[in-house]
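Everything numeric here is computed off the predicted structure, so don't read it as measured data. Along the sequence shown, the residues carry numbers beginning at 1.
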Amino acid sequence: MVISDVCLAYKDYQYVTQRPNDTITYFSFYRGSAMGGAYGVAVGAKLAQPDKRVYLFSGDGCFRLYGGSLNEAKNLGIVLFILDNHTYSIVAQGLPAILPSVHPEKYHDTLQQVDYGKIAEASGWLSYTVAPDLSNFEDILNELERYKKQSILVTIPVDPNQILGQNPRVRNL
């Protein structure tokens, strides 16, 4: 089961892959601007179906809204992928559309760098970081298979200037 939040994770799935997979149950929580809300849904899904693997894709901005509650989910076996671009992407993409007279230096869309892996480890989770060249990605995927009961956070560094596709929410602002 895959769950994603209202961030780059949503845009990435919808605009890059564009190929549904009938073997994966997928839920995206971009509607209603419930930023960070997918974490609670992932925990609930795992509690409801403990034998099912739950993967959560979330952005670094969303993580900051629920990161303090990781400890309670450390033994659920959730796999959390954090797309770390140091940016509130919806702000950076949305403000030019809704407030075109505001200069970008006033957007407040940049996040200070945080070591999400250390936060996860301090909360009892395992953590991994994907290398920029993806050289360790297969090893990380193999590690995910080894730990079914331990929750795992995987940080994926993302270039905030790379265009993965336009966020459809911006079109409706």
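- Relative ring orientation between Tyr55 and Phe81 is described as parallel, the plane-to-plane angle staying below 30° on a 0-90° scale split at 30° and 60°.
- Thr155 OG1 to Ile119 CD1: the interatomic distance, rounded to the nearest 0.5 Å, is 9.0 Å.
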Tell me, with the steps shown, if Ser69 and Tyr39 meet side chain to side chain contact (heavy atoms under 4.5 Å, CB included).
CA-CA 10 Å; Ser69 63; Tyr39 175 77; 3.3 Å; yes
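- Put simply, CG on Leu70 and OG on Ser123 are 4.5 Å apart, with the number rounded to the nearest 0.5 Å.
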Intermediate values then yes/no, side chain to side chain contact (heavy atoms under 4.5 Å, CB included), Ile152 and Ile78
CA-CA 6 Å; Ile152 303 168; Ile78 294 171; over 6 Å; no
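- The distance from the CG atom of Leu153 to the CD1 atom of Ile82 is 5.0 Å, given to the nearest 0.5 Å.
- If you take OG on Ser127 and CD on Glu143, they are separated by 11.5 Å, rounding to the nearest 0.5 Å.
- Sorted by first and then second residue, the ring-ring contact (aromatic ring centres under 6.0 Å, His included) pairs with a member in residues 120-145 form an empty list; sequence neighbours excluded.
- Residues Leu47 and Leu76 meet the side-chain proximity criterion, which asks for heavy atoms closer than 4.5 Å.
- Other residues, nucleotides and ligands contribute only 12 or fewer heavy atoms inside 6.0 Å of the CD atom of Glu138.
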Go through the steps to decide whether Leu80 and Ser58 satisfy the test side chain to side chain contact (heavy atoms under 4.5 Å, CB included), and finish with yes or no.
CA-CA 7 Å; Leu80 168 58; Ser58 187; 4.1 Å; yes
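- Proximity of a side-chain donor or acceptor of Lys46 to a complementary backbone N or O of Lys52 within less than 3.5 Å is detected.
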Going through the distances and angles, do Val114 and Arg64 end up as a side chain to side chain contact (heavy atoms under 4.5 Å, CB included)?
CA-CA 10 Å; Val114 172; Arg64 290 169 186 238; 3.1 Å; yes
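- Between the CD1 atom of Ile156 and the CG atom of Asn85 there is a distance of 11.5 Å, given to the nearest 0.5 Å.
- In the model, Tyr116 has no side-chain atom that pairs as donor or acceptor with a side-chain atom of Thr129 under 3.5 Å.
- Gln112 is not listed as a side-chain neighbour of His86, based on a closest heavy-atom distance of 4.5 Å or more.
- The 12-atom threshold is not exceeded at NZ of Lys118, counting heavy atoms of other residues, nucleotides or ligands nearer than 6.0 Å.
- Leu126 is not listed as a side-chain neighbour of Glu121, based on a closest heavy-atom distance of 4.5 Å or more.
- Here the straight-line distance linking atom OG of Ser151 with atom CG of Asn75 works out to 7.0 Å at 0.5 Å rounding.
- Across Val130, Asp60, Leu111, a single residue satisfies side chain to side chain contact (heavy atoms under 4.5 Å, CB included) together with Asp84, and that is Asp60.
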